[in-house]
**Student:** 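Handing you a structure now.
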Amino acid sequence: MGSKRGAFLALGFVAIAVLEEVRPLRRRVEKKSRHVLRDLTMAAMSAVATAFMQERLVGPRAEKVLAQGQGLLRQMTLPRPLRVIAGILLLDYTLWVWHWVNHRAPFLWRFHRVHHVDLDLDSWTGLRFHFGEMTLAGVVRLMQIRLIGPDAASLTIWQALLLLSIFFHHSKIALPWTVERALSAVIVTPRMHAIHHSEVREEMDSNWSSLLSVWDRLHGTFRLDVPQDAITIGVPAYLGPGEVTLPKIMVMPLRPTDGDFSRGKSGMHRAPFGEHGTPLRQ
Ligand SMILES: [Zn+2]
């Protein structure tokens with residue numbers, strides 16, 4: 001990653017992390033230091049896995065694939081700007097499919113649920129993925145490149161926008177409703193993604209997009225109709241803070257997924273946004 005791009009993304013993350021504290025959409029369930037430290041630890045392990053995959057597999061193989069002119073877009077004669085745009089669209093759509101499969105295939109859900117069991121949804125959650133999921137994501141990135149044959153520019157632009165989008169849509173920035181609605185016509189917004197993080201299965205099974213919201217609109221899975229104060233963030237079997245400690249989420253991929261959507265052993269049901277009162281904004 002170029003240092004300029006790295007600095008730009010870091011700045012974007014800090015701005016989002018500050019804004020969400022100034023204008024929060026949800027109250028905290030867990031202590032912030034505990035939540036941030038746990039998410040950062042997971043993020044650090046994922047960063048190692050991602051760097052390893054990039055250096056050993058994705059980087060060198062992708063270079064070879066692109067040099068050999070493999071992939072759909074390499075077989076077509078398109079003007080370059082069109083090819084760059086088509087590459088971004090296809091990369092984003094195939095990521096929509098991958099996210100959907102992560103929820104549908106029990107083996108993949110073992111890893112992806114580690115992201116979903118976070119009891120607080122904010123920009124830090126956007127950094128927190130299990131290193132197993134990130135290792136698999138490296139293989140998927142290579143498959144996307146092999147299949148699509150995107151321009152190097154498509155990859156660079158899409159990856160930077162995607163990272164910023166992930167920080168943004170996981171955040172709890174309470175945007176004015178009109179702004180949220182207008183933005184969600186194009187990109188994934190915080191209220192949209194909070195519905196995807198709902199413990200209610202039918203709500204979780206929506207808003208799978210990561211950058212452009214058009215894919216959910218096309219699939220009829222776009223939702224912005226759930227009031228934020230009706231949402232409990234998490235997965236039914238893991239709604240207690242004792243269920244989502246760092247050691248537990250690290251080994252969570254080893255646990256079967258059968259009972260994930262029935263109440264946990266404690267039978268507990270957490271009121272939306274914990275015991276700290278009503279949410280701040282709709
Ligand atoms: Zn998901």
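All values below come from the heavy atoms of this structure, side chains included, with hydrogens, waters and symmetry mates left out. Both ligands and their constituent atoms are indexed starting at 1 by order of listing.
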**Student:** Report, as yes or no, whether the 6.0 Å neighbourhood of atom CD on Glu55 holds more than 12 heavy atoms from other residues, nucleotides or ligands.
**Tutor:**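 Count not over threshold, so no.
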**Student:** Give a yes-or-no answer on whether the side chains of His170 and Asp122 include a donor-acceptor pair shorter than 3.5 Å.
**Tutor:** no
**Student:** So what's near the Zn ion (ligand 1), protein N, O or S atoms under 2.8 Å?
**Tutor:** His99 NE2, His103 NE2, His112 NE2, His116 NE2, His196 NE2
**Student:** Can you name the closest pair of heavy atoms from Val65 and Ile145 and give their distance?
**Tutor:**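 For Val65 versus Ile145, the nearest heavy atoms are CG1-O, 4.2 Å.
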**Student:** Considering residues, nucleotides and ligands other than Glu21, do more than 12 of their heavy atoms fall under 6.0 Å from its CD?
**Tutor:** yes
**Student:** Parallel, tilted or perpendicular: which one describes the rings of His193 and His99, with boundaries at 30° and 60°?
**Tutor:**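 Tilted, since the angle between the ring planes falls between 30° and 60°.
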**Student:** Given Ser154, which of Val84, Leu89, Leu73 fulfils the side-chain contact (heavy atoms from CB on, under 4.5 Å) condition?
**Tutor:**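 Filter result, single survivor: Val84.
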